Amino acid sequence: MLALAMVASLAACSSSSSSSSDTTAAETEAATTAAEDGSEEATEAADETEAADSTASDGELITVGFAQVGHESDWRTASTQSCQDVFCEENGYELVFVDCDQDSAAQLDAVRNFIEQDVDYIIIDPIVSTGWDTVLTECEEAGIPVIVIDRTIDDSDNYTAWVGSDFTAEGYAAGEWLNAYAEAKGIEISGILVIEGTTGSSTQLGRTEGFEEIAENYGWTILDSQDGDFTEAGGQEVMESYCQSYSGQFNVVVCQNDNEAFGAMTAMDAAGISYGVDGDVILISFDACTAGLEYVQAGSINADFECNPLAAPFVAEIIEALEAGEEVESTVYMTEHWYVAEEDVLTTITVNGEEQELTYVTDEIIEEQY
C-alpha cells in the first residue's frame, strides 16, 4: 500500500513529464516486481531496464584523441583549429589534443596514452610514415578505431580510414603546370632547385616523387633538393645556401609548402634575385594557405597547389557512420584546387591524361581560404 501511495504521489508530481519518462518508470517498476517474485520474467524485465538506461546514456560525449604533428606552418595551425572546432562539446565530443612538436617518439607515446585513457577514437597525423605497426596493433587489440589524416602510414594497415590529399598527384600537377607555363611564356627551364618538406613524411615523399617523374619526362635538370622541414626558417636557410652555390644557374624554385616559400623569398630578396610574375625565377609552392594565396595574387608566387587542411568534418562523418554501425570508405580524398597568379596565360593543365582547371586568385577566394 505504501508503495502504491508513493507511485501515485510521484505520478501527480510528474504530470508534465514526457511519455518516454513514464515508459521508463513503468519498465523499472515491472522489473522490480518481477524480481521480487523470483520469476523468469525478472531477468527479462531487468534486461529491458538496462537497455533503457543504456539508451539514456547515449548522450555522453564521444572522446577523441588527436596526435598532431606540431605547429610548424600555417597549414598545420589550420588543421588543428579544424579539429578543435569540429570535435567540441557542443557537437557531442571531448577532444584530447597532443601537439607532438615534430617528435616521432612523443607521437607514439601520445597514442599509447590515448589507449590507456580508453578514448573512443584516435586521430593520427603521422610525422613519419614508418614505425607504426606495433602501436597500431595495440590500438586494434584495445578495440579503438584509428583514423589517419593528411600524411600516410606505410608499414601498417591497422587503421579504419585515411583522409587527406594525393601528394604524388600534387607533384604531378606542379610539374605539368610548369611545363605548360614555360611553353606559354617562351621560357627555357635552365635549372630547378627544390626545398623539400620533412624527410620521410609522406607529403615530402609524394610531392618529390610526382615532380621528379615529370622533370625526368621533360628532361629538366634538378640541381639540388634539400630538406627545409616545412618551416619558414628552414626554407630561408636552404635558399641562402642555394643562392651562394648555384648563383646564375637556376630559374625555377619549388617549395613543398608555403612557409618554406616565404623563407625562400626572404633569401632571394637579400641576394637581389627577382622571382614570381615577370621575375627571373619561377616560384612554385604547395598548401595554398591564406598568406600563400595573397603572395600569388601579388605575383610573388607563380602557382600554389592546394593541400586541404580541413579534414575534421570528413573525420566526423566517418565517426558518425561507425557509431551507427555502418561501413566506411578506407580512403577519402578531399577536394583541392590549383591556384595561379596570371589569369590569361593558362586556364587548364593535363595531368595523367585528365584535364584539370586552374584557379585565378581573387579577393573572394582569399577571404574564403583557411
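Quick caveat, the model's predicted, so the values are computed rather than measured.
A side-chain donor from one of Y246 and D224 sits under 3.5 Å from a side-chain acceptor of the other. Side-chain polar atoms of E72 and N257 form no donor-acceptor pair below 3.5 angstrom. For the residue pair S225 and E196, a side-chain donor N or O sits within less than 3.5 Å of a side-chain acceptor on the partner. For the residue pair Q236/E240, the side-chain donor-acceptor check at 3.5 Å is satisfied. Of the N and O atoms on the side chains of T63 and D120, at least one donor lies less than 3.5 Å from an acceptor on the other residue. Residues T208 and Q256 have side chains that bring a donor and an acceptor to within less than 3.5 angstrom of each other. A side-chain donor-acceptor contact under 3.5 Å links T137 and N158. A side-chain N or O of Q68 and one of T80 form a donor-acceptor pair less than 3.5 Å apart. Donor-acceptor pairing under 3.5 Å is recorded for the side chains of Y218 and E176. A donor-acceptor pair shorter than 3.5 Å can be found between the side chains of Y275 and D269.
Summarising the local packing, CD of Q117 is surrounded by more than 12 heavy atoms from other residues, nucleotides or ligands at distances under 6.0 Å. The environment of CD in E237 is sparse: at most 12 heavy-atom neighbours from other residues, nucleotides or ligands sit within 6.0 Å.
Of the residues listed (L193, V253, V252, N302), the one engaging V281 in a side-chain contact (heavy atoms from CB on, under 4.5 Å) is V253, and it is the only one.
Taking SG from C255 and CD from E260, the interatomic distance works out to 6.0 Å, rounded to the nearest 0.5 Å. In this structure, CD in Q249 is found 6.0 Å from CG in L223, a value given to the nearest 0.5 Å. Atom CD1 of I365 and atom OG1 of T362 lie 4.0 Å apart (nearest 0.5 Å). Here the straight-line distance linking atom CZ of F230 with atom CG of D74 works out to 13.5 Å at 0.5 Å rounding. The OH atom of Y172 sits 6.0 Å away from atom CG of N352, with the distance rounded to the nearest 0.5 Å. The distance from atom CD1 of I189 to atom CD1 of I282, rounded to the nearest 0.5 Å, is 6.0 Å.
Under the 4.5 Å side-chain criterion, counting only non-hydrogen atoms from C-beta, S129 is in contact with L205. Counting heavy atoms from C-beta outward, L358 and T348 have side chains that stay 4.5 Å or more apart. For the pair L283/Y295, no side-chain contact is recorded, criterion being any heavy-atom separation below 4.5 Å from C-beta on. At a threshold of 4.5 Å between non-hydrogen side-chain atoms, the residues W75 and D258 do not count as touching. A 4.5 Å side-chain heavy-atom check between F114 and V98 finds at least one atom pair inside the cut-off. Contact check for I366 versus V361: side-chain heavy atoms found under the 4.5 Å cut-off. Taking 4.5 Å as the limit, some side-chain heavy atom of L136 sits within range of a side-chain heavy atom of V146. Side chains of E138 and R112 form a contact here, defined as non-hydrogen atoms less than 4.5 Å apart.
Nearest heavy-atom pair, V328 versus I318, reported as atom, atom and distance to 0.1 Å: CG1-O, 3.9 Å. Of all the heavy atoms in D287 and Y370, the pair that sits closest is O-OH, 2.7 Å.
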Would I222 and E212 count as a side chain to side chain contact (heavy atoms under 4.5 Å, CB included) here? Give the steps. CA-CA 8 Å; I222 297 178; E212 286 185 351; 3.8 Å; yes
Please walk me through it: do K185 and E342 pass salt bridge (Lys or Arg N to Asp or Glu O under 4.0 Å)? CA-CA 11 Å; K185 300 278 283 189; E342 296 167 87; 2.9 Å; yes
Show your working on side chain to side chain contact (heavy atoms under 4.5 Å, CB included) between V296 and V340 and close with a plain yes or no. CA-CA 7 Å; V296 174; V340 296; 5.6 Å; no
Under the ring pair (Phe, Tyr, Trp, His ring centres under 6.0 Å) rule, what do Y360 and Y339 come out as? Steps first, then yes or no, please. CA-CA 6 Å; Y360 173 67; Y339 294 104; over 10 Å; no
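Put simply, the side chain of Q204 gets close to the backbone of G200: a donor and an acceptor are under 3.5 Å apart. Using a distance-only test at 3.5 Å, with no hydrogens or angles considered, no donor-acceptor pair links the side chain of D229 to the main chain of T231. Judged purely by atom type and a 3.5 angstrom limit, T347 has no side-chain atom pairing as donor or acceptor with the backbone of E343.
No path of Ile, Leu, Val, Met, Phe, Trp and Tyr side chains, each step under 4.5 Å between heavy atoms, connects M268 with V277, placing them in separate hydrophobic clusters. Residues L108 and I153 share a hydrophobic cluster, clusters being chains of Ile/Leu/Val/Met/Phe/Trp/Tyr side chains in contact below 4.5 Å.
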Listing, residues 84-97 side-chain donor-acceptor contacts under 3.5 Å, not counting sequence neighbours, or none:
residue: D85; atom: OD1; partner: Q81; partner atom: NE2; Å: 2.8
residue: N91; atom: ND2; partner: V86; partner atom: O; Å: 2.8

Enumerate, atom names and distances included, each donor-acceptor pair closer than 3.5 Å involving a side-chain atom of residues 161-169, sequence neighbours excluded.
residue: W162; atom: NE1; partner: D150; partner atom: O; Å: 3.2
residue: W162; atom: NE1; partner: R151; partner atom: O; Å: 3.1
residue: S165; atom: OG; partner: E336; partner atom: OE2; Å: 2.2
residue: D166; atom: OD1; partner: T168; partner atom: N; Å: 3.3
residue: D166; atom: OD1; partner: A169; partner atom: N; Å: 3.1

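For residues 298-326, the set of pairs meeting the salt bridge (charged side-chain N to carboxylate O under 4.0 Å, His left out) definition, not counting sequence neighbours, is empty.
Classification of D101 and R76 as a salt-bridged pair fails, no side-chain N sitting under 4.0 Å from a carboxylate O.
Ring geometry, W177 versus F305: the interplanar angle exceeds 60°, so the pair is classed perpendicular (tilted spans 30 to 60°).
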